[in-house]
Amino acid sequence: MDRPTLPKGTRDFGPAVMAKRQFIFQSIRSVFERYGFLPLETPAMENLSTLTGKYGEEGDQLLFKVLNSGDYLKDIDPALLSSKDSRRLTPSIAEKGLKYDLTVPFARYVVMNRHEITFPFKRYQIQPVWRADRPQKGRYREFYQCDADVIGTDSMVCEAEIILMIRDAFAKLGINRYSIKINHRGVLAALAALAGAGDKESSLFVAIDKLDKIGEAGVRDELASRGFSAEAVDSLFDLLNKRGTNQEKLELLRAQLGKYEKAAASIHDLEQVFTFVASMGGEAAPVELDLALARGLSYYTGCIFEVKIHDAAVGSVSGGGRYDNLTAVFDSKERSSGVGFSFGVDRLYDAMEELNLFPEETQRSSQVLVCHLDEECLRYGLGITQKLRAKSIAAEIYPEPSKLKKQLEYADKKKIPFAVVIGSDEMKSGVLAVKNLKTGEQHLRTLEQFLSDITAIPK
RNA sequence: GUGAAUGUAGCUCAGUUGGUUAGAGCAUCAGAUUGUGAUUCUGAGGGUCGCGGGUUCGAGUCCCGUCUUUCACCCCA
């Protein structure tokens with residue numbers, strides 16, 4: 001008999017890992033809620049028609065399809081079946097798929113529930129998504145996203161708040177060295193016009209997005225091989241190579257791209273984002289206008305974001321952008337602009353592990369372990385344990401009579417900071433022997449003294 | 001989806017041109033210490049060598065297939 005295995009790209013999360021993941025989830029959730037976002041959950045499965053065509057051709061190939069139930073071949077045209085054309089057969093045998101991100105199901109939800117929704121609608125969503133990608137480090141087939149989106153306003157206050165939420169979340173997680181990159185699809189479109197890209201826009205974007213990875217020479221090679229003229233590429237790099245503050249880059253864009261009608265509006269958008277961030281006291285947030293930032297799902301139409309953690313090789317840990325036409329895809333009368341972003345929990349976890357950023361408390365199960373020397377002490381200890389719990393102190397008791405050595409080892413392994421030892425002396429006197437497992441010190445305390453000691457310590 | 005590596009104890013890894021009974025460190029468990037963990041000492045347990053097939057007198061070692069993990073491309077959190 002074969003031992004069980006997991007599907008490629010999926011993982012179990014044991015208690016030690018879950019404690020750290022919960023720390024990330026809770027940190028992010030508290031930031032979302034502080035900015036007025038409300039929770040939403042949608043099904044793991046959507047109709048395939050809801051998902052296909054939203055993520056570009058590549059994205060469609062990465063969708064997990066769910067086989068129809070029952071005798072799903074019964075009514076299939078035999079000619080189609082014998083053609084062995086998987087792509088044409090798939091819609092007939094699979095009408096559902098696992099969700100690929102949280103934004104498209106959210107847009108679907110908005111269209112279906114618009115009469116009950118107060119706009120602008122701010123929701124957050126923390127759920128797994130699935131992609132039939134080939135797994136690598138930091139790339140999983142099942143992973144969690146934490147999305148916050150606002151739909152029904154085109155105010156750049158939303159973009160500015162996204163930047164502040166990233167800053168606040170990272171502060172809670174203890175991530176100090178990172179950069180938030182921002183760009184705008186309208187600016188990219190103008191760059192494409194400047195470079196005479198014509199219908200080769202997307203191959204231009206793919207190339208310049210690799211700038212920090214393969215360098216200027218690499219990008220030039222790739223663009224040359226795709227038929228871009230040397231002059232066009234030169235004028236492109238005049239802009240891409242500009243260093244300086246975000247304001248200086250905006251000035252340059254205004255001067256160079258002002259003649260393109262859409263660019264002017266995009267530059268104004270970016271300007272507003274920076275202004276609002278400053279008004280919220282976020283000047284120090286590491287936001288960088290990066291003209292080479294081009295990636296992101298195909299439905300983005302406005303500002304786009306990407307966040308990278310320095311000193312950790314995990315790819316981007318957060319991304320997002322504004323999308324103007326997503327609800328219209330589900331209902332042409334429904335034209336509301338939305339903007340949102342997502343944290344990739346699994347990559348945040350990998351980065352934090354690499355940088356050793358998880359606080360020790362996240363590993364802790366209880367604050368106190370009640371230890372005992374025999375059956376009678378155990379029974380006495382049960383009462384003590386409940387009294388601690390009644391005071392909201394996470395406490396547990398070793399559930400069977402056992403050597404003290406074993407009980408203390410248990411506390412040590414579970415990183416429980418305090419042990420209360422109950423023996424016949426303690427039962428007689430009513431005082432507790434409290435041992436601090438970190439320092440090794442042991443003192444006699446009444447229950448009241450111990451309670452006030454322990455509540456004074458920050459969790 | 002294309003191309004390439006990897007897999008030996010719970011973990012990190014040794015294992016010679018194919019040759020007897022596959023090793024180490026850490027971890028685990030027990031004891032030294034019957035009211036004190038994390039340090040010390042002693043001992044013990046733990047292996048379908050990823051899985052399946054092939055070559056060979058003989059395979060952890062060579063060949064084929066397969067799965068896993070990883071890397072590059074593509075794309076993305």
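Values below: all heavy atoms of this structure, side chains included; hydrogens, waters and symmetry mates excluded. Computed from a predicted model, the values in this text were never measured in an experiment. Chain identifiers are assigned alphabetically (A, B, ...) following the order of the sequence lines, protein sequences preceding nucleic acid strands; residue numbering begins at 1 within each chain.
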Asks: Does A/Arg123 make a cation-pi contact with A/Phe106, if we ask for NZ or CZ under 6.0 Å from the ring centre and within 45° of the axis?
Replies: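 Yes, A/Arg123 and A/Phe106 form such a contact.
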
Asks: Could you measure the distance from the CD atom of A/Glu409 to the OH atom of A/Tyr398? Nearest 0.5 Å is fine.
Replies: 9.5 Å

Asks: Could you pull out the closest heavy-atom pair between A/Leu293 and A/Asn183, with the gap in Å?
Replies: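 Scanning both residues, the minimum pair turns out to be O-ND2, 2.9 Å.
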
Asks: Given side chains that start at C-beta, do those of A/Phe305 and A/Ile162 come closer than 4.5 Å, heavy atoms only?
Replies: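 Answer yes - side chains close enough.
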
Asks: Scan A/Gln442 against the nucleic acid and name what it touches under 4.0 Å (heavy atoms): base, sugar-phosphate only, or nothing.
Replies: base

Asks: Could you state the atom-to-atom distance from CD1 of A/Ile422 to C1' of B/G35 in whole Å?
Replies: 13 Å

Asks: Atom CD of A/Glu409 to atom C1' of B/U39: distance rounded to whole Å?
Replies: 13 Å

Asks: Go through it in stages, so that I can follow the logic: the residues are A/Phe121 and A/Asp149, the test is side-chain contact (heavy atoms from CB on, under 4.5 Å), and I'd like the CA-CA distance, side-chain angles, deciding distance and then a yes or no.
Replies: CA-CA 8 Å; A/Phe121 181 47; A/Asp149 287 73; over 6 Å; no

Asks: Rounded to the nearest Å, what distance is computed from the NZ atom of residue A/Lys435 to the P atom of nucleotide B/A38?
Replies: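 Roughly 10 Å, once rounded to whole Å.
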
Asks: Measure from NE2 on A/His372 to P on B/U36 and round the result to the nearest Å.
Replies: 15 Å

Asks: Can you check the distance between B/C64 and B/G3, where both ends of the measurement are the P atom (answer in whole Å)?
Replies: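 Nearest-Å result for B/C64 against B/G3 at atom P: 16 Å.
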
Asks: A/Asp425 near the nucleic acid: base, sugar-phosphate alone, or nothing, with a heavy-atom cut-off under 4.0 Å?
Replies: base

Asks: Would you say that more than 12 heavy atoms from the other residues, nucleotides or ligands in this model lie under 6.0 Å from the CD of A/Glu33, or not?
Replies: yes

Asks: Rounded to whole angstrom units, what separation is found between the CD atom of A/Glu353 and the C1' atom of B/C11?
Replies: 14 Å

Asks: In whole angstrom, give me the gap between the P atoms of B/A59 and B/C51.
Replies: 15 Å

Asks: Looking at every strand, decide which applies to A/Glu426 at a 4.0 Å heavy-atom threshold: base, sugar-phosphate, or nothing.
Replies: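 It contacts base atoms.
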
Asks: In Å and rounded to the nearest 0.5 Å, what is the CD to CG distance from A/Glu426 to A/Leu444?
Replies: 7.0 Å

Asks: Establish, yes or no, whether the cationic atom of A/Lys122 lies under 6.0 Å from the six-membered ring centre of A/Tyr35 and within 45° of the ring axis.
Replies: no

Asks: What pairs with A/Pro401 under side chain to side chain contact (heavy atoms under 4.5 Å, CB included), at least two apart in sequence or on another chain?
Replies: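 Testing A/Pro401 for side chain to side chain contact (heavy atoms under 4.5 Å, CB included), a comparison that skips the adjacent residues, returns A/Glu375, A/Leu378.
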
Asks: Would you measure the distance from the P atom in B/U70 across to the matching atom in B/U16 and give it in whole Å?
Replies: 27 Å

Asks: State whether the distance check finds a donor on one side and an acceptor on the other, under 3.5 Å, for side chain A/Lys8 versus base B/U68.
Replies: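 No, the side chain and the base share no sub-3.5 Å donor-acceptor pair.
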
Asks: Between P on B/U36 and CG on A/Asn436, what's the gap in Å once rounded to a whole number?
Replies: 18 Å

Asks: Nearest whole angstrom, please: distance from the P of B/G1 to the CG of A/Leu63.
Replies: 14 Å

Asks: According to the Watson-Crick and G-U wobble definition with distances under 3.5 Å, which dot-bracket string, read 5' to 3', encodes RNA chain B, using [ ] for crossing pairs and | for pairs with another strand?
Replies: (((((.(..((((.....[...)))).(((((.......))))).....(((((..]....)))))).)))))....

Asks: P atom, B/U8 versus B/U36: distance in rounded Å?
Replies: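 Pairwise P distance, B/U8 against B/U36, rounds to 41 Å.
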
Asks: Tell me: CG of A/Leu404 to P of B/G35, nearest whole Å?
Replies: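 Atom-to-atom, A/Leu404 to B/G35, this comes out as 8 Å.
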
Asks: Rounded to whole angstrom, note down the C1' distance from B/G1 over to B/C57.
Replies: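 The same atom, C1', in both gives a distance of 46 Å.
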
Asks: Do other residues, nucleotides or ligands put more than 12 heavy atoms under 6.0 Å from the CZ atom of A/Phe13?
Replies: yes

Asks: Quote, to the nearest angstrom, the P distance that separates B/U21 from B/U2.
Replies: 43 Å

Asks: How far does the C1' atom of B/U12 sit from the matching atom of B/A4, given to the nearest Å?
Replies: 25 Å

Asks: Could you measure between the two P atoms, the one in B/U56 and the one in B/G18, and give it in whole Å?
Replies: 16 Å

Asks: Which letters describe nucleotides 70-77 of chain B, given B = protein heavy atom under 4.0 Å from base, S = only from sugar-phosphate, - = neither?
Replies: SSBBBBBB

